[in-house]
Amino acid sequence: MQIKILKNRSDIGAGTRGSDLGIDAMEIAAIGKGNHYFNEFPFEDIPTHNESIYNKDHNSFAKRIGHVAEQCTRVSNAIDRNLRNDFFPILLSGDHSSALGTISGIKKAFPDKKLGVFWIDAHADIHSPYTSPSGNIHGMPLAAALGLDNKHLQLNEPIAETQKHWENMKNIGMGGSKILPENLIYFGVRDTEAAEDDIIEQFKIRNYKIEEVRFRGLDVCVMEALKQFSECEIIYISFDVDSMDKDLVSDGTGTPVSKGFDQNEINLLLEGIVASKKVVCLEVVEINPLLDTRGNKMAETAFDILDRVTAKIQFNF
């Protein structure tokens, strides 16, 4: 197996522009450190629909949903193709809506294997067009992957076009849900809305909050989480940089939140999960250099994390 870098410079699922520049910011960070990381691995650029931000869009409860669905399909196809060709895909993405495509692609490649998802994020991203207060689809990928509409918590009345695209999103890669609620584990989620809290409680989705991880110990929490995934043959890690503390690290992300992980905690968390030897894909998302008030700090930090965990992934081959 060989690592392949997939570059998905799409930010149309976010509410703030700029995360499409996150990959380039990481490459600049590597150059600044004299690190040849981005020359060491084969890579693939996934075409985007970023120009769609200029289009009129009537899907107010799921902004640009038609183009986001297309983008997720492109990501799904790229992940599926590379997994089938025995690559380990490291996906660098703009906004987090891409994770639906990633999950869908993994399941398309391994339809008979049970998939576990580690979602390292400040946000639950489990809204649907029926509940989202913003209409930004980077807050919806997990609902689509789980096949949830959340209509019992409905706040919005999406138009028929939106509902059609939403149904398409839930069926990208293969029909129906891609993961089970018990095979989703959050680390660091701390900024949620009421509808998301209700869904998390309804399905008993495990969330290892920052204070619990620090009190009980990161190793203990990771081992416990991996035990929960004992029946999962494969694992996907989705790392949103806003899982890190904006005050300790940087606010160079679309929705920065205080009281998050520090860089070392993320390093140890990723390494602990990778050590299971079940991980088949890693994704890094939501670096926004336009919002970084500390130069290129977020991209530099994310690159250091990526470089370190890549070495651990290679060690496990």
Side-chain angles (χ1 to χ4, degrees), residues 1 3-8 46 71-93 95-121 123-126 138 140-147 169-170 172-174 176-189 205-208 222 225-241 243 266 269-286 305-306 309-310 312-313 316-317:
M1 182 174 286
I3 287 173
K4 189 170 184 181
I5 308 297
L6 305 185
K7 302 176 183 180
N8 174 40
I46 300 174
Q71 191 63 30
C72 287
T73 300
R74 289 172 174 173
V75 171
S76 174
N77 290 338
I79 293 291
D80 171 44
R81 182 178 65 256
N82 281 284
L83 286 171
R84 291 180 188 273
N85 288 331
D86 204 29
F87 284 107
F88 183 105
I90 294 180
L91 181 64
L92 307 179
S93 288
D95 76 80
H96 215 167
S97 64
S98 60
L100 170 61
T102 311
I103 292 170
S104 300
I106 294 170
K107 282 300 294 181
K108 187 177 180 181
F110 303 115
D112 299 323
K113 292 188 177 182
K114 191 173 292 187
L115 172 63
V117 173
F118 278 94
W119 197 264
I120 305 168
D121 199 327
H123 306 92
D125 294 346
I126 203 165
H138 68 169
M140 306 184 197
L142 283 175
L146 288 159
M169 287 188 70
K170 290 190 296 180
I172 289 172
M174 56 178 288
S177 61
K178 312 302 184 298
I179 55 174
L180 300 172
E182 60 265 31
N183 294 332
L184 166 64
I185 292 179
Y186 290 129
F187 268 84
V189 170
I205 299 171
R206 188 67 166 94
N207 179 20
Y208 287 93
V222 170
L226 288 171
K227 184 177 180 180
Q228 181 175 324
F229 283 177
S230 60
E231 294 185 3
C232 294
E233 298 102 321
I234 54 176
I235 287 174
Y236 156 62
I237 304 174
S238 197
F239 168 46
D240 188 324
V241 297
S243 60
I266 293 294
L269 174 55
L270 294 178
E271 289 170 9
I273 301 169
V274 166
S276 69
K277 299 187 177 181
K278 291 183 176 182
V279 179
V280 297
C281 181
L282 166 69
E283 184 165 9
V284 181
V285 304
E286 295 283 1
I305 291 168
L306 174 64
V309 73
T310 299
K312 295 296 182 181
I313 291 168
N316 280 334
F317 286 170

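Both backbone and side-chain heavy atoms feed into the values below; hydrogens, waters and symmetry mates do not. Keep in mind it's a predicted model, so treat the numbers as computed, not measured.
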Would you say the side-chain atoms of [X] pair up with the backbone N or O of [Y], donor to acceptor, closer than 3.5 Å?
X	Y	result
K277	F317	no
K178	G176	yes
N82	A78	yes
N85	F87	no

Next item on the list: Scan side-chain atoms only and decide if D125 and H96 contain a donor-acceptor pair under the 3.5 Å cut-off.
Entry: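 Indeed, the side chains of D125 and H96 share at least one donor-acceptor pair under 3.5 Å.
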Check: Does a donor on one side chain and an acceptor on the other come within less than 3.5 Å for S98 and E283?
Finding: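 S98 vs E283: donor-acceptor pair found between side chains.
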Minimum side-chain heavy-atom gap [X]-[Y] below 4.5 Å:
X	Y	answer
I120	L270	yes
L282	L306	yes
F88	V279	yes
I205	W119	no
V285	N8	no
S238	T102	no
H138	E286	yes
P89	K4	no

Next item on the list: Apply side chain to side chain contact (heavy atoms under 4.5 Å, CB included) to N77 and K108, showing your working.
Entry: CA-CA 8 Å; N77 290 338; K108 187 177 180 181; 3.2 Å; yes
Margin query: Check the orientation of F118 and F187. Use parallel for under 30°, tilted for 30 to 60°, and perpendicular for over 60°.
Written below: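 Tilted.
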Checklist line | Spacing of NZ belonging to K278 relative to CG belonging to L115, to within rounding of 0.5 Å | finding: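 It comes to 11.0 Å.
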Notebook entry, point to check: Out of curiosity, Q71 CD to T73 OG1, how far, rounded to the nearest 0.5 Å?
Noted result: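 Atom-to-atom, Q71:CD and T73:OG1 are 9.0 Å apart.
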Next item on the list: Carefully, step by step, assess Y186 and I126 under the rule side chain to side chain contact (heavy atoms under 4.5 Å, CB included).
Entry: CA-CA 11 Å; Y186 290 129; I126 203 165; 3.8 Å; yes
